[in-house]
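Report on the structure given below.
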Amino acid sequence: MAQLNFGGTLENVVTREEFPLEKAREILKNETIAIIGYGVQGPGQALNLRDNGMNVIIGQRPNSHSWEKAVKDGFVPGQTLFPIEEAAAKGTIIQYLLSDAAQIAVWPQLKPHLTAGKALYFSHGFGVTYKERSGIIPPADIDVILAAPKGSGTSLRRLFLAGKGLNSSYAIFQDATGKAKDRVIALGIGIGSGYLFETDFRKEVFSDLTGERGTLMGAIQGIFEAQYHVLRKNGHSPSEAFNETVEELTESLMPLVAENGMDWMYANCSTTAQRGALDWKNKFRDAVSPVFEDLYKSVASGEEAQRSIDTNSQPDYRVKLDAELTELRESEMWQAGKVVRSLRPKI
């Protein structure tokens with residue numbers, strides 16, 4: 001295990017250099033990895049594991065959109081693609097990659113197939129962390145592990161195909177076999193992680209729910225809307241407002257941050273931009289810090305989890321979600337974005 005220095009804080013991580021793919025293959029050579037769910041994380045993890053030489057099968061509801069997607073991706077019904085319960089029975093490692101709501105719904109059908117010595121793998125610790133609410137209580141005689149890529153399954157696959165990796169956290173909730181750590185690290189390497197950092201199920205959920213509602217999705221959309229509407233209210237065109245709010249950030253500045261950090265991005269901007277950013281960053285920090293404090297308390301109390309369980313289990317949840325996403329998509333800002341993206345030069 002490597003030890004990295006993060007600004008004076010030492011942290012143990014697992015890198016590909018110390019845990020090469022060949023070692024992962026050796027550990028998993030006699031395992032059958034049954035991936036339950038082929039939606040958000042399933043395709044990226046399944047395809048990367050398969051390309052890395054692991055024995056992968058898919059469990060999915062027949063005749064669904066995701067079943068057809070798995071077929072298009074080369075999984076063969078009756079050979080590497082099965083109904084959920086059949087795949088779970090065949091798997092020695094069961095990667096439970098359904099949505100949180102679907103995990104709760106399918107759990108009674110899955111649990112009988114979690115026989116002694118198997119491993120139950122998650123990429124989000126929601127169901128186990130909130131087990132009193134979800135009913136997901138694993139048997140005591142199996143390994144319960146987690147590898148959580150820090151990004152979508154689509155990004156995981158794209159980076160893998162580009163010869164890169166997406167960093168992941170890993171955790172062990174239960175080690176019944178004595179092999180849980182080897183199994184989870186091997187799987188983390190197999191799915192294409194850049195490096196793996198240790199956490200636990202609870203911390204993974206708290207950080208993940210905070211991040212999704214915060215800077216990764218919720219907060220950034222709110223900030224986009226606020227700036228865009230101020231510019232429009234003051235007479236700026238949709239094109240100008242969108243370019244100054246979103247396009248320059250995503251296409252120009254964030255790649256610089258990803259490359260070498262925020263200071264590198266600042267160093268590659270004008271001195272006027274640098275001065276303004278440094279002068280205003282603390283005001284934004286101080287303004288939103290109370291919101292983040294409230295958000296974290298809501299996550300830690302289980303309030304956010306209960307809201308997710310309650311809303312996502314409603315029979316008309318998908319209809320309501322589609323309506324909200326349609327409203328977002330059809331807003332002027334994102335319609336302007338659609339036009340701007342269409343005008344990007346094709347090189």
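Put simply, the side chain of Ser289 does not reach to within 4.5 Å of the side chain of Val291, judged on heavy atoms. Leu47 is listed as a side-chain neighbour of Arg157, based on a closest heavy-atom distance under 4.5 Å. A heavy-atom distance below 4.5 Å is found between the side chains of Ile185 and Tyr170. With a 4.5 Å cut-off on side-chain heavy atoms, Gln103 and Phe122 count as touching. Side-chain contact between Phe19 and Ile27 is present, with heavy atoms from C-beta onward closer than 4.5 Å. At a threshold of 4.5 Å between non-hydrogen side-chain atoms, the residues Asp51 and Leu49 do not count as touching. Contact annotation: the side chain of Leu187 approaches that of Ile145 to within less than 4.5 Å [non-hydrogen atoms, C-beta and beyond]. The closest side-chain heavy-atom distance from Phe284 to Val288 is not below 4.5 Å.
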Do Tyr228 and Glu332 pass the side chain to side chain donor-acceptor pair (under 3.5 Å) test, and can you show the C-alpha distance, the side-chain angles, and the key distance before you say yes or no?
-> CA-CA 10 Å; Tyr228 181 87; Glu332 185 193 88; 2.5 Å; yes
Would you please test Asp208 and Arg213 for salt bridge (Lys or Arg N to Asp or Glu O under 4.0 Å) and show each step?
-> CA-CA 9 Å; Asp208 191 75; Arg213 286 150 179 76; over 6 Å; no
For the pair Ser155 and Ser152, evaluate side chain to side chain donor-acceptor pair (under 3.5 Å) and give the outcome as yes or no after the intermediate values.
-> CA-CA 5 Å; Ser155 298; Ser152 70; 3.1 Å; yes
Please walk me through it: do Leu156 and Asn48 pass side-chain contact (heavy atoms from CB on, under 4.5 Å)?
-> CA-CA 8 Å; Leu156 183 72; Asn48 290 359; 3.6 Å; yes
Check against side chain to side chain donor-acceptor pair (under 3.5 Å), Ser123 and Gln45 | CA-CA 10 Å; Ser123 282; Gln45 295 200 30; 2.8 Å; yes
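Glu225 meets the side chain to side chain donor-acceptor pair (under 3.5 Å) test with Gln221; sequence neighbours excluded.
Using a 4.0 Å cut-off between charged nitrogen and carboxylate oxygen, Glu26 and Lys23 do not count as a salt-bridge pair. A salt bridge between Arg183 and Glu31 is present, with a side-chain N of the basic residue lying under 4.0 Å from a carboxylate O of the acidic one.
Here side-chain hydrogen bond (donor to acceptor under 3.5 Å, both in side chains) pairs that include residues 196-205, with residues two or more places apart or in two chains, are His124-Glu204.
Here the CH2 atom belonging to Trp264 is positioned 13.5 Å from the CG atom belonging to Leu253, to the nearest 0.5 angstrom. Here OH of Tyr266 is found 5.5 Å from CG of Leu278. Values are rounded to the nearest 0.5 Å. With rounding to the nearest 0.5 Å, the separation of CG in Asn312 from NZ in Lys320 is 11.5 Å.
At least one donor-acceptor pair closer than 3.5 Å links the side chain of Gln335 to the backbone N or O of Arg329. For the pair Ser168 (side chain) and Gly188 (backbone), a donor-acceptor distance under 3.5 Å is absent. One N or O on the side chain of Ser99 and one on the backbone of Ala102 form a donor-acceptor pair closer than 3.5 Å. In terms of modelled atom types and a separation under 3.5 Å, the side chain of Thr311 and the main chain of Arg307 share a donor-acceptor contact. Between the side chain of Lys131 and the main chain of Phe126, no donor-acceptor pair closer than 3.5 Å is present.
Residues Gln79 and Ile57 come closest through the heavy atom pair O-CG2, 4.3 Å. What you find for Met54 and Leu21 is that their closest heavy atoms are CE-CD1, 4.1 Å.
Of the candidates Leu146, Leu97, Ile94, Ile35, Tyr121 forms a side chain to side chain contact (heavy atoms under 4.5 Å, CB included) with just one, namely Leu97.
The aromatic rings of Phe242 and Trp334 sit perpendicular to each other, their planes meeting at more than 60°, with 30° as the lower class boundary.
Between the side chains of Asp310 and Gln314, no donor N or O sits under 3.5 Å from an acceptor N or O.
Remark: Arg61 is not positioned above the aromatic ring of Tyr38, lacking an NZ or CZ atom under 6.0 angstrom from the ring centre and at most 45 degrees off the axis.
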